[in-house]
Amino acid sequence: MSDYIHLKPENYYESLYDRYTVEQCRLTEKIFLGDLKSASNISRKQKLKFLDLVLYFKTGERFVSRATTIYKWMEEDRLRDEKIANTPIPTNIICKFCETEMEVGNKSLEVRLDNKPERVEFLFRCERCHIGKRIFDDGTVIDIIPWKCPDCSRKLQVNHKNSEDKLITTKTCEYCGYKNKDSIELRKSGNEDYYSEKEKKSFNIDLDRFCLSKANGDRYIENKRQMERMTAIMEEIKNSDNQKPEPSLIMLTMFQLEELLHKKLEDSKYVKLSMAQPEIRKEVIVEFTVQDSSDRGEYESRKQLKEVITSSLKGVNWRLMSEGVSYRLGVLSGRLRGEELKKG
């Protein structure tokens, strides 16, 4: 049995990341240069300068993300290999036709494009019947019967033919007339020259343009830090220029507070305001009671009293305490907190 190995040498991931960088920058350049065909000379120069600026930041950010992205890719592949290695092989897998035990060919992770968790897949084969089973670590089983007719389920006639660069497979059903021809492109063994010499040279030129050296990348990072510091300083200056001074509070004594609330409350049909003996701490805390002379229910009475007191105390040194207002049989109570303001 063979296991597919995901984790590769670090230079594989470095080359892959750099290829993505080149492709992204080429696409950006292609879009900009396509817009320049109908541009005037002045507009063309401006757009080319803007393209240079866009590529400066794109290549710089690709350098910034390079090491962490490569580490992430390698860690993901390491965990994939670990999951494959630690998943036990299913046993007693029997061929549904000849009823002999099937042999496991390989195990790997299922390729998923739907962001669902990857499953370990075991491929079992029966050499006698030329069928297979895909068995996943979550218990899912999928039969592979390449010679089964999809229309009538009878056995197909399968023929393979090799041409110079293709493998052609023809499947025919004698019973229902089903026929299918499929071809697979073949690459010559040991042929690694997938790209032409011209393509390789063009790629290496763009690799040099778009993939920053360590010196240039470090310079970009330092310039970025300086720009961020300058932005933060400018934001502080802007905030300080726009900051409005807090309005100064009017200091009321407890006697003045009682007079203020007495009138405001009576206007809203709250009567018989009574203040208890104040507690003198760092601040002054005083309990009050008042009676509701209207026919409001408990919820509405408490809500309205809180609104009246809060609006009445705007701009003064007294506040309704956080526990709010209590209600029993038309009698409402609460506590007020006053702060002595420093002069000067």
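Starting from 1, each residue takes its place in the sequence as its number. Remember, it's a predicted structure, so these values are computed and weren't measured experimentally.
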Could you tell me the separation between the [atom1] atom of [X] and the [atom2] atom of [Y], rounded to the nearest 0.5 Å?
| X | Y | atom1 | atom2 | result |
| --- | --- | --- | --- | --- |
| Arg335 | Glu287 | CZ | CD | 7.5 Å |
| Lys30 | Thr28 | NZ | OG1 | 12.0 Å |
| Ile84 | Phe122 | CD1 | CZ | 9.0 Å |
| Ile89 | Asp137 | CD1 | CG | 13.0 Å |
| Ser108 | Arg80 | OG | CZ | 12.0 Å |
| Tyr56 | Leu51 | OH | CG | 15.0 Å |

Could you please spell out the steps behind the side-chain contact (heavy atoms from CB on, under 4.5 Å) verdict for Val120 and Phe136?
CA-CA 6 Å; Val120 178; Phe136 299 90; over 6 Å; no
Please check if the side chain of [X] supplies one atom and the backbone of [Y] the other of a donor-acceptor pair under 3.5 Å.
| X | Y | answer |
| --- | --- | --- |
| Asn317 | Glu339 | yes |
| Lys171 | Pro146 | yes |
| Thr68 | Ser65 | yes |
| Trp147 | Gln157 | no |
| Asn216 | Leu212 | no |
| Lys133 | Cys95 | no |
| Lys8 | His6 | yes |
| Arg296 | Ser293 | no |
| Lys107 | Thr87 | yes |
| Glu222 | Arg219 | no |

Taking side chain as C-beta onward, heavy atoms only, is [X] less than 4.5 Å from [Y]?
| X | Y | result |
| --- | --- | --- |
| Ile184 | Ile168 | no |
| Lys58 | Cys25 | yes |
| Thr169 | Asn180 | no |
| Met251 | Glu340 | yes |
| Gln291 | Leu332 | no |
| Leu265 | Val271 | no |
| Asn204 | Asp208 | no |
| Asp18 | Ser15 | no |

Give a yes or no on whether [X] atom [atom1] has more than 12 heavy-atom contacts from other residues, nucleotides or ligands under 6.0 Å away.
| X | atom1 | result |
| --- | --- | --- |
| Leu329 | CG | no |
| Asn11 | CG | yes |
| Phe97 | CZ | yes |
| Gln226 | CD | yes |
| Met227 | CE | yes |
| Arg209 | CZ | yes |
| Lys83 | NZ | yes |
| Arg229 | CZ | yes |

List the steps and the verdict of side-chain contact (heavy atoms from CB on, under 4.5 Å) for Asp81 and Ile5.
CA-CA 6 Å; Asp81 290 339; Ile5 305 300; 3.8 Å; yes
Grouping I, L, V, M, F, W and Y whenever their side-chain heavy atoms are under 4.5 Å apart, do [X] and [Y] come out in a common cluster?
| X | Y | value |
| --- | --- | --- |
| Leu79 | Ile70 | no |
| Tyr71 | Tyr17 | no |
| Val308 | Leu336 | yes |
| Tyr175 | Ile145 | no |
| Phe255 | Val284 | no |

Salt bridge or not between [X] and [Y]? Use side-chain N to carboxylate O under 4.0 Å.
| X | Y | result |
| --- | --- | --- |
| Glu197 | Lys201 | no |
| Lys264 | Asp267 | no |
| Glu307 | Lys303 | yes |
| Glu283 | Arg281 | no |
| Arg125 | Glu103 | no |
| Arg78 | Glu75 | yes |

Shortest non-hydrogen contact from Tyr270 toward Glu300:
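Answer, listing the atom of Tyr270 first, then Glu300: OH-O, 4.4 Å.
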For Leu48 versus Leu33, what's the shortest heavy-atom pair and its separation?
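Closest pair (atom of Leu48, atom of Leu33, distance): CD2-CD2, 4.1 Å.
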Compute both the distance and the angle, then confirm whether [X] meets the cation-pi test with [Y]: under 6.0 Å from the six-membered ring centre, within 45 degrees of the axis.
| X | Y | value |
| --- | --- | --- |
| Arg302 | Tyr327 | no |
| Arg66 | Tyr13 | no |
| Lys200 | Phe203 | no |

Have a look at Asp143 and tell me which of Lys96, Arg134, Lys148 forms a side chain to side chain donor-acceptor pair (under 3.5 Å) with it.
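Going through the options one by one, the only one that passes is Lys96.
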Name the orientation class of the two ring planes belonging to Phe32 and Phe50 (parallel below 30°, tilted from 30 to 60°, perpendicular beyond 60°).
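Tilted.
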Would Tyr12 and Asp77 count as a side-chain contact (heavy atoms from CB on, under 4.5 Å) here? Give the steps.
CA-CA 12 Å; Tyr12 167 84; Asp77 280 351; 5.6 Å; no
In terms of side-chain heavy atoms, does Tyr220 have a donor or acceptor partner in Glu61 at a distance below 3.5 Å?
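Distance-only check passes for Tyr220 and Glu61.
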Is the closest side-chain donor-acceptor distance between Ser301 and Asp292 under 3.5 Å?
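Judged by distance alone, the side chains do pair up.
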Only one of Glu23, Glu29, Gln24 passes side-chain contact (heavy atoms from CB on, under 4.5 Å) with Phe210; say which it is.
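Single side-chain contact (heavy atoms from CB on, under 4.5 Å) partner of Phe210 among Glu23, Glu29, Gln24: Glu29.
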Go through the steps for Glu110 and Arg119 under the test salt bridge (Lys or Arg N to Asp or Glu O under 4.0 Å), then give the verdict.
CA-CA 6 Å; Glu110 179 190 24; Arg119 301 180 295 179; 2.8 Å; yes
Stepwise side-chain contact (heavy atoms from CB on, under 4.5 Å) check, Leu260 with Gln256:
CA-CA 6 Å; Leu260 172 67; Gln256 292 169 324; over 6 Å; no
